Asks: 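Quick one: the structure is below, and I'll ask about it shortly.
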Amino acid sequence: MEMTPQELLQYNGSDPSKPIYVAVKGRIFDVTAGKSFYGPGGPYAVFAGKDASRALAKMSKNEEDVSPSLEGLSDKEIGVLNDWEKKFEAKYTVVGRLAS
C-alpha cells in the first residue's frame, strides 16, 4: 500500500478507531502496539502519522526535525537512524510505503 504524507497524517492516533503509523526511511510501520509511546500524550506522539527519519537520526523530538529529509546528516546520525530502523523492523509490521 502506498500513501501520501497527507494520508499518513490520518494515522496519528487522534482517531482511536484507526491504527497508528510511523514512517522510517519511507517505509510505514504499524506502531499501534506501542500506543503508550506513539499515541496522544505519549513521549513519541510527535512522530505519529509522519516520516520521523530525520528526528530519529538526530535523536530529537522537535517538530521541525520530524521529516523524511536525510540531507546534511552525519555518518553517525545515519548509523543511529539505521539502528532505529532495525528496532522498528523487530517490533512492528511494515504496512506500506510513502509515495515519493
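No experiment lies behind these values; they were computed from the predicted model shown.
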Asks: Please examine the side chains of K50 and E63, heavy atoms only from C-beta on, and report whether any two atoms are closer than 4.5 Å.
Replies: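 Contact flag for E63/K50 side chains = yes.
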Asks: If you measure from CD on E7 to CD1 on I28, what distance do you get to the nearest 0.5 Å?
Replies: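 Going from CD on E7 over to CD1 on I28, the span is 8.5 Å.
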Asks: Are there over 12 heavy-atom neighbours, none belonging to N62, within less than 6.0 Å of that residue's CG?
Replies: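 Yes - once you tally the heavy atoms of other residues, nucleotides and ligands closer than 6.0 Å, there are more than 12.
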Asks: Where is the tightest heavy-atom contact between L8 and A23, given as atom of each residue plus distance?
Replies: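 Reported closest heavy-atom pair: CD2-CB, 4.0 Å.
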Asks: Got a sec, which residues hit salt bridge (charged side-chain N to carboxylate O under 4.0 Å, His left out) with K58, two or more places apart in sequence or on another chain?
Replies: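 Result, salt bridge (charged side-chain N to carboxylate O under 4.0 Å, His left out) vs K58: E77.
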Asks: Sequence neighbours left out, what passes salt bridge (charged side-chain N to carboxylate O under 4.0 Å, His left out) with R54? Give chain and number order.
Replies: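 Listed in chain order: nothing, the list is empty.
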Asks: By the ring pair (Phe, Tyr, Trp, His ring centres under 6.0 Å) test, which pairs, at least two apart or in different chains, include something from residues 45-70?
Replies: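 For residues 45-70, and leaving out neighbouring residues, the ring pair (Phe, Tyr, Trp, His ring centres under 6.0 Å) pairs sorted by first residue read Y44-F47.
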Asks: Holding to side-chain contact (heavy atoms from CB on, under 4.5 Å), I want the full list of residues that pass it with P43, two or more places apart in sequence or in another chain.
Replies: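 Result, side-chain contact (heavy atoms from CB on, under 4.5 Å) vs P43: F37, K61.
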Asks: What pair of heavy atoms forms the shortest contact from G13 to I20, and how long is it?
Replies: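 So the minimum-distance heavy-atom pair works out to CA-CG1, 3.7 Å.
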Asks: Would a hydrophobic clustering, with Ile, Leu, Val, Met, Phe, Trp and Tyr connected at side-chain separations under 4.5 Å, put L56 with M59?
Replies: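 Yes, one cluster joins them.
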Asks: Considering only heavy atoms from C-beta outward, does the side chain of T4 approach that of L98 to under 4.5 Å?
Replies: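 In short, these two side chains do not touch, never coming nearer than 4.5 Å.
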Asks: For P19, check side-chain contact (heavy atoms from CB on, under 4.5 Å) against everything at least two apart and list the hits.
Replies: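 Scan of P19 (side-chain contact (heavy atoms from CB on, under 4.5 Å), adjacent residues dropped) gives Y11, Y21, D30, T32.
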Asks: Just wondering, do F29 and E89 contact through their side chains at under 4.5 Å, heavy atoms?
Replies: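 A side-chain contact under 4.5 Å exists here.
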Asks: Could you give the side-chain donor-acceptor pairs of residues 64-72 under 3.5 Å, partners two or more places apart or in another chain?
Replies:
from	atom 1	to	atom 2	distance (Å)
D65	OD2	S60	OG	2.6
S67	OG	S69	N	2.9
S69	OG	E71	N	3.3

Asks: Would M1 end up clustered with V94 when hydrophobic side chains under 4.5 Å apart are linked, directly or stepwise?
Replies: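 Hydrophobic grouping puts M1 apart from V94.
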Asks: Ignoring hydrogens, what is the shortest heavy-atom contact between P40 and A45? Give both atom names and the distance.
Replies: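 Closest pair (atom of P40, atom of A45, distance): CA-CB, 4.4 Å.
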Asks: Hey, quick one: are M3 and V22 part of the same hydrophobic cluster, counting side-chain heavy atoms closer than 4.5 Å, chains of contacts allowed?
Replies: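 Looking at the clustering, V22 is in a separate group from M3.
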Asks: For the hydrophobic clusters of this structure (ILVMFWY residues joined by side-chain heavy atoms under 4.5 Å, transitively), does one cluster hold both F88 and V80?
Replies: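 Yes, because F88 and V80 connect within a single hydrophobic cluster, where side-chain heavy atoms sit under 4.5 Å apart.
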Asks: Verify the neighbour count for atom NZ of K18: are there more than 12 heavy atoms of other residues, nucleotides or ligands below 6.0 Å?
Replies: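 Correct, the count exceeds 12.
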Asks: Measure the spacing between NZ of K76 and CG of L81 and express it to the nearest 0.5 Å.
Replies: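 Nearest 0.5 Å value for the NZ-CG distance: 13.5 Å.
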Asks: Answer yes if the side chains of N82 and K25 hold a donor-acceptor pair under 3.5 Å, and no otherwise.
Replies: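 Present: a donor and an acceptor within the cut-off.
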